[in-house]
2 protein chains.
Amino acid sequence: MFLSKSFGYALRGVLYVALLEPKGKKIKIEQIADKLAVPRHFLAKIMKKMVQENILTSTKGPYGGFSLSPITLQTKLLHLVKITDGMEQFNTCVLSLRKCNSKNPCPLHFQMLQIRDGMLAEFSKTSIGDLLDKKNPDFIKSISVI
Amino acid sequence: MFLSKSFGYALRGVLYVALLEPKGKKIKIEQIADKLAVPRHFLAKIMKKMVQENILTSTKGPYGGFSLSPITLQTKLLHLVKITDGMEQFNTCVLSLRKCNSKNPCPLHFQMLQIRDGMLAEFSKTSIGDLLDKKNPDFIKSISVI
DNA sequence: TTCAAAAAAGACATTAATGTCTTTTTTAGT
DNA sequence: ACTAAAAAAGACATTAATGTCTTTTTTGAA
């Protein structure tokens with residue numbers, strides 16, 4: 001209901017790279033998919049989208065793989081939501097009424113406005129770097145143990 | 001993202017009946033579907049579920065249709081969500097991690113907990129009757145104008 | 001320059017949500 | 001009893017999200 005599986009895969013994928021990449025090597029999609037127990041080719045498509053948005057960097061060929069971009073850690077979660085789920089949900093009426101707005105509200109308009117704005121605020125202010133806790137030795141478990 | 005179309009159809013359907021039924025007659029599914037511009041047979045399945053949960057009453061045959069039950073107006077929105085979307089979304093980790101909980105949280109655990117609890121609180125306290133504003137001459141428009 | 005490794009791209013499969021159409025059951029009035 | 005009207009039920013279709021498999025492109029190193 002709240003967010004798609006794709007969003008979860010995107011976030012876990014980028015966090016995995018951010019956690020391991022500083023060791024120097026590029027991270028291969030095969031390793032990410034294995035360790036996170038996520039469908040490999042499905043994840044690959046999502047990683048590719050993040051590369052297109054410059055949220056990650058990738059290099060093809062031997063010794064290639066995924067690595068951080070200059071903006072990875074500053075990227076807001078909302079950017080990931082845009083890529084994986086789109087922003088429509090934040091702007092469309094919960095009852096699917098196109099004419100619904102604050103001048104002409106549906107019976108749930110203001111309740112949903114509050115809930116969505118809360119989520120929007122949270123995801124607008126939180127960055128990938130904010131979620132990354134390299135000091136926590138169990139961090140990798142917190143994104144990989146299913 | 002937040003709620004399914006089915007939920008929206010359910011709420012609009014029951015509000016429509018609640019608004020018009022006091023005039024005495026049962027409301028036919030055909031009328032509801034027409035006036036709300038909703039797929040008739042799809043709506044019928046959702047209305048049937050509400051009848052099974054006693055959120056509405058229905059009678060077959062000539063002069064039949066849908067009418068209010070004793071509990072219609074006291075029914076919480078969360079009950080509609082249960083019927084149409086289920087409650088899993090409120091109890092499962094946004095990253096699909098089965099082991100995620102407050103002792104062992106994923107990186108988004110507490111943020112999502114807050115957002116979901118906000119929605120849960122709102123939908124637990126708001127009833128169908130709370131949304132029904134019979135004094136408002138435009139109320140019917142607010143659930144039917146798409 | 002060739003080879004192998006890696007991401008990228010694309011074709012196809014599966015599943016869940018949504019939507020349509022037909023048949024069955026129930027019931028009020030004649 | 002019969003008929004017609006209505007919900008209920010069930011079969012099937014469409015669409016979007018998710019998942020799998022294969023082919024293409026790129027590139028580092030021998």
Side-chain angles (χ1 to χ4, degrees), chain A residues 1-10 12-14 16-17 21 24-34 36-67 69 81 83-86 88-89 92 95-96 146, chain B residues 1-10 12-14 17 21 25-34 36-67 69 81 83-86 88-89 92 95-96 146:
Chain A
M1 176 195 256
F2 287 95
L3 290 163
S4 69
K5 282 195 172 188
S6 293
F7 169 80
Y9 294 161
R12 292 167 68 204
V14 69
Y16 186 87
V17 173
E21 192 251 13
K25 292 209 235 169
K26 311 278 175 62
I27 314 290
K28 293 193 280 273
I29 189 73
E30 189 174 12
Q31 177 187 350
I32 307 171
D34 283 357
L36 302 186
V38 154
R40 172 183 167 152
H41 297 287
F42 191 62
L43 176 63
K45 286 172 196 170
I46 297 167
M47 299 293 281
K48 182 186 64 174
K49 280 191 198 173
M50 290 197 282
V51 168
Q52 288 167 341
E53 296 280 329
N54 197 33
I55 293 171
L56 281 174
T57 300
S58 71
T59 57
K60 291 181 171 186
Y63 303 88
F66 292 92
S67 51
S69 81
V81 174
I83 291 176
T84 57
D85 299 62
E88 258 204 6
Q89 54 197 315
T92 57
L95 302 184
S96 312
I146 60 171
Chain B
M1 173 197 258
F2 287 96
L3 290 163
S4 68
K5 281 194 172 191
S6 294
F7 169 80
Y9 294 161
R12 292 167 69 204
V14 69
V17 173
E21 194 251 11
K25 292 209 236 169
K26 310 280 176 58
I27 314 290
K28 294 194 279 273
I29 189 72
E30 190 175 11
Q31 178 187 349
I32 307 171
D34 282 357
L36 302 185
V38 154
R40 171 182 168 153
H41 298 287
F42 192 62
L43 176 64
K45 286 173 194 168
I46 297 168
M47 298 294 279
K48 180 186 64 175
K49 281 191 197 172
M50 290 197 282
V51 168
Q52 288 167 342
E53 297 279 330
N54 197 33
I55 293 170
L56 281 175
T57 300
S58 71
T59 56
K60 291 182 172 186
Y63 302 88
F66 293 91
S67 50
S69 81
V81 174
I83 291 176
T84 56
D85 299 62
E88 258 203 6
Q89 56 198 313
T92 59
L95 303 183
S96 311
I146 60 172

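Below, read A as the first sequence line, B as the second, and so on, with proteins coming before strands; counting in each chain starts at 1.
Taking atom NZ of residue B/K49 and atom C1' of nucleotide D/dA7, one finds them 16 Å apart after rounding to whole Å. Atoms CD (A/Q31) and P (C/dA7) sit 10 Å apart, rounded to a whole Å. The CZ-C1' distance, from A/F66 to C/dA5, rounds to 14 Å in whole Å. At whole-Å resolution of the value, CE in B/M47 and P in D/dA6 are 15 Å apart. In this structure, the CZ atom of A/F7 is 16 Å from the P atom of D/dA17, given to the nearest Å.
Between A/K5 and D/dG19 there is a side-chain N or O to OP1 or OP2 distance below 4.0 Å. An OP1 or OP2 oxygen of C/dA6 is reached within less than 4.0 angstrom by a side-chain nitrogen or oxygen of A/K28. Using a 4.0 Å cut-off, some side-chain N or O of B/S58 falls inside it from OP1 or OP2 of D/dA8. OP1 or OP2 of D/dA9 lies within a sub-4.0 Å distance of a side-chain N or O belonging to B/Q52.
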| Could you run down nucleotides 20-30 of chain D 5' to 3' and tag each one B, S or - for protein heavy-atom contact under 4.0 Å? | BBB--BBBBS-
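Qualifying side chain to side chain contact (heavy atoms under 4.5 Å, CB included) partners for A/S58, counting only residues two or more places apart in sequence or in other chains: A/V51, A/F66. Under the side-chain hydrogen bond (donor to acceptor under 3.5 Å, both in side chains) criterion, A/K48 pairs with no residue, sequence neighbours left out. Residues satisfying the side-chain hydrogen bond (donor to acceptor under 3.5 Å, both in side chains) criterion with B/E53, sequence neighbours excluded, are B/H79. When the ring-ring contact (aromatic ring centres under 6.0 Å, His included) test is applied to A/Y63, no partner is found at least two apart in sequence or on another chain. Here B/K49 pairs with B/Q52, B/I83 under the side chain to side chain contact (heavy atoms under 4.5 Å, CB included) rule; sequence neighbours left out.
Heavy atoms of A/I27 sit under 4.0 angstrom from primed sugar atoms or phosphate atoms, though from no base atom. Residue contacts for B/Y9: at a heavy-atom cut-off of 4.0 Å it reaches the sugar-phosphate backbone alone, with no base atom in range.
Nearest heavy-atom pair across A/E21 and A/S67 is OE2-CB, 3.1 Å.
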